[in-house]
Amino acid sequence: MERKQLMQDFKEQFGHKADRVFFSPGRINLIGEHTDYNGGKVFPCAITMGTYGVVKKREDKEVHAFSGNFPEVGEITFNIQDLSFKKEDNWTNYVKGMIRYMQEKVGELPHGFDLYIYGTIPNGASLSSSASLELLTGVIVRDMYQLDIPQLDLVKLGMRTENEFLGLNSGILDQFAVGMAKKGYAMLLDTNTLEYEQVPVELPDHKIVIMNSMTRRELVDSEYNTRREQCEQALEQLQEVVDVKSLGELSVEAFEEHKHVINDDVLMRRARHAVYENVRTDRAAEALKAGELNTFGQYMNESHKSLDEDYEVTIKATDYLARAAWKEAGVAGARMTGGGFGGCCIAIVENEDVDTFIDHVGRGFKEEIGHDAEFYIAETADGTKEWVAHE
């Protein structure tokens, strides 16, 4: 996206020039799915597909917001003195939630602003467009009003917006990946302590290919909250025999020794995924650090099988993409990424095989599922920040 075009789009919408432009990335999670709210490890990186925000301060207390992705919704206006959730305010509820919780921290903002948004993340693709918008709002408001709020606090407010304002009981993975990312790196994050390590993602001979099932994912309305409840139930039963605060604290051996106390097969499988996925994530990060890409890929494959069979968050389309990818030449590994119930998969593919890979998997997908998949090459990005003109 060109900066000049964004500035022009803002001017056409609001009738005056913008002050500043910001960019907030999307994210992929290389491995460590549904472990974040179970006190486990995750391994995400930010990508260059993301959300642009063009802004100018106003004199009054209103925010006027327009999305170039949803022109049919029109310009949405709200007052920073009334930041309650309203369904008719559509996508701006993410913006309202962030401003509300920031004002709770630092007091009421002196005035509102005009905001033009344009996103390059396919909608509902499981690449974290909501966290991208939350952190974008947070960084815009903080930088514009020169507020003393560290990036990590914005990350936590993004999660709070998701949990309390929107009603989705997700963990901190998405906001952390979007807010704290570094180009060329993935983050091994312990969601229990928020300690993290930046691990170089150096793949000179491979590309990370994102495979979009084009099946829109609506996490708030899905079984996401149910999965969390099931894990909590399993944990409660395990806590009768093991002294742990989260499933992420359990070793595979401890889980296997005590899993018989979980009185329901579904709950046992949900917990098994959380425990094994956590251990896999640690081992996969070690393999990547050691340059053992095929070992890393095997952990990706195991992760997908667990998400399909134990956690049951794949759908036919995403399961097809991952399993079809495994059969292709030059593929180190593939798995679904994100919360599930639609969205995207990722594969690590040798450079020379990428075109053939996309052709084969794409044709097979169309025959099997009945519509086209989309494919993108993922490039890593920095976390949310102002887009300075010379960059």
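Computed from a prediction, not measured in an experiment: that's the story for all the values here.
- Using a 4.5 Å cut-off between side-chain heavy atoms of Ile, Leu, Val, Met, Phe, Trp and Tyr, I358 falls into a hydrophobic cluster with V209, M211, Y320, L321, V331, V349, V354, F357, V361, F365, I369, F375, I377.
- Between N169 and Y37, the side chains place no donor N or O within less than 3.5 Å of an acceptor N or O (distance only, hydrogens not considered).
- Between E309 and K305, no side-chain nitrogen of the basic residue sits less than 4.0 Å from a carboxylate oxygen of the acidic one, so the salt-bridge criterion is not met.
- Residue E59 places its CD atom among 12 or fewer non-hydrogen atoms of other residues, nucleotides or ligands, all under 6.0 Å distant.
- The backbone N or O of G40 sits nowhere less than 3.5 Å from a side-chain atom of N38 that would complete a donor-acceptor pair.
- Ring-plane geometry between H111 and Y145 is classed as tilted, the angle between the planes lying from 30 to 60 degrees on a 0 to 90 degree scale.
- No donor-acceptor pair under 3.5 Å is formed between the side chain of T337 and the backbone N or O of I28.
- In terms of heavy atoms, A181 sits closest to A46 at CB-CB, 3.3 Å.
- The main-chain N or O of K182 is never found under 3.5 Å from a side-chain atom of D382 such that the two would form a donor-acceptor pair.
- No donor-acceptor pair under 3.5 Å is formed between the side chain of S132 and the backbone N or O of G50.
- With respect to K289 and E286, a salt bridge is recorded, a charged nitrogen being found less than 4.0 Å from a carboxylate O.
- Ring centers of Y52 and Y118: at least 6.0 Å apart, outside the cut-off.
- Closest approach of S129 and T51 over heavy atoms only: O-OG1, 4.5 Å.
- Of the N and O atoms on the side chains of E229 and Y224, not one donor lies less than 3.5 Å from an acceptor on the other residue.
- Ring centroid separation for the pair H64 and F113 does not come in under the 6.0 Å cut-off.
- A salt bridge is defined here as a Lys NZ or Arg NE, NH1 or NH2 lying under 4.0 Å from an Asp or Glu carboxylate O, and K105 with D153 meets this definition.
- For E232 and R228, the salt-bridge test passes: some basic side-chain N is under 4.0 Å from an acidic carboxylate O.
- Taking 4.5 Å as the limit, every side-chain heavy atom of I121 sits out of range of all side-chain heavy atoms of S128.
- Within 6.0 Å of CD in E72 there are more than 12 heavy atoms belonging to other residues, nucleotides or ligands.
- With contacts defined as side-chain heavy-atom distances shorter than 4.5 Å, the pair T356/H360 qualifies.
- E277 and S303 are linked by a side-chain donor-acceptor pair at a separation below 3.5 angstrom, with hydrogens and angles left out of the test.
- S24 and V178 get closest at one heavy-atom pair: OG-CG1, 3.4 Å.
- Look at R363 and E368 and you find no salt bridge, because none of the NZ, NE, NH1 or NH2 atoms lies under 4.0 Å from a carboxylate O.
- Between the side chain of R227 and the backbone N or O of E312 there is at least one donor-acceptor pair closer than 3.5 Å.
- One N or O on the side chain of H34 and one on the backbone of G339 form a donor-acceptor pair closer than 3.5 Å.
- Y196 has its ring centre less than 6.0 Å from the ring centre of F176.
- Put simply, the side chain of I47 does not reach to within 4.5 Å of the side chain of E379, judged on heavy atoms.
- In this structure, a donor-acceptor pair under 3.5 Å is absent between the side chains of T191 and D36.
- The backbone N or O of F43 lies less than 3.5 Å from a partner atom in the side chain of N29, making a donor-acceptor pair.
- Judged by the 6.0 Å distance and 45° axis criteria, K86 is not positioned over the aromatic ring of W91.
- In this structure the side chain of D205 never reaches within 4.5 angstrom of the side chain of L293, judged on heavy atoms.
- The main-chain N or O of W387 is found under 3.5 Å from a side-chain atom of R3 such that the two form a donor-acceptor pair.
- Here E33 pairs with R335 in a salt bridge; the nearest charged N to carboxylate O distance falls below 4.0 Å.
- The side-chain heavy atoms of T35 and L247, taken from C-beta on, include no pair separated by under 4.5 Å.
- Panel note: side chain D89, backbone T92; no donor-acceptor pair is recorded below 3.5 Å.
- Residue M187 is not grouped with residue Y185 when hydrophobic side chains (ILVMFWY) are merged at heavy-atom distances under 4.5 angstrom, including chains of intermediate members.
- No side-chain N or O of D308 forms a donor-acceptor pair with one of S306 less than 3.5 Å apart.
- When side chains are defined from C-beta on, E134 does not count as touching D174, because their heavy atoms never get closer than 4.5 Å.
- Side-chain polar atoms of E374 and Y376 form a donor-acceptor pair below 3.5 angstrom.
- The environment of CD in E2 is sparse: at most 12 heavy-atom neighbours from other residues, nucleotides or ligands sit within 6.0 Å.
- Using cut-offs of 30° and 60° for the angle between ring planes, the F14 and F10 rings count as tilted.
- A salt bridge between D310 and R272 is present, with a side-chain N of the basic residue lying under 4.0 Å from a carboxylate O of the acidic one.
- Residues forming a side-chain hydrogen bond (donor to acceptor under 3.5 Å, both in side chains) with Q230 (at least two apart in sequence, or on another chain): R270.
- Between Q151 and R142, some side-chain heavy-atom pair lies under the 4.5 Å cut-off.
- Listed here is the closest heavy atom pair of N301 and G333: OD1-CA, 3.3 Å.
- A donor and an acceptor atom, one from each side chain of Q5 and D9, are located under 3.5 Å apart.
- With hydrogens and angles ignored, the 3.5 Å screen pairs no side-chain donor or acceptor of K207 with any backbone N or O of E350.
- Between H258 and F255, the gap from one ring centroid to the other reaches at least 6.0 Å.
- In this structure, K96 satisfies the cation-pi test against F78, with its NZ or CZ atom closer than 6.0 Å to the six-membered ring centre and inside 45 degrees of the ring normal.
- Looking at K56 and D114, no side-chain N of the basic residue comes within less than 4.0 Å of a carboxylate O on the acidic one, giving no salt bridge.
- Side-chain atoms of I348 and F296, non-hydrogen and from C-beta on, do get closer than 4.5 Å to each other.
- In terms of heavy atoms, G112 sits closest to V63 at CA-CG2, 4.3 Å.
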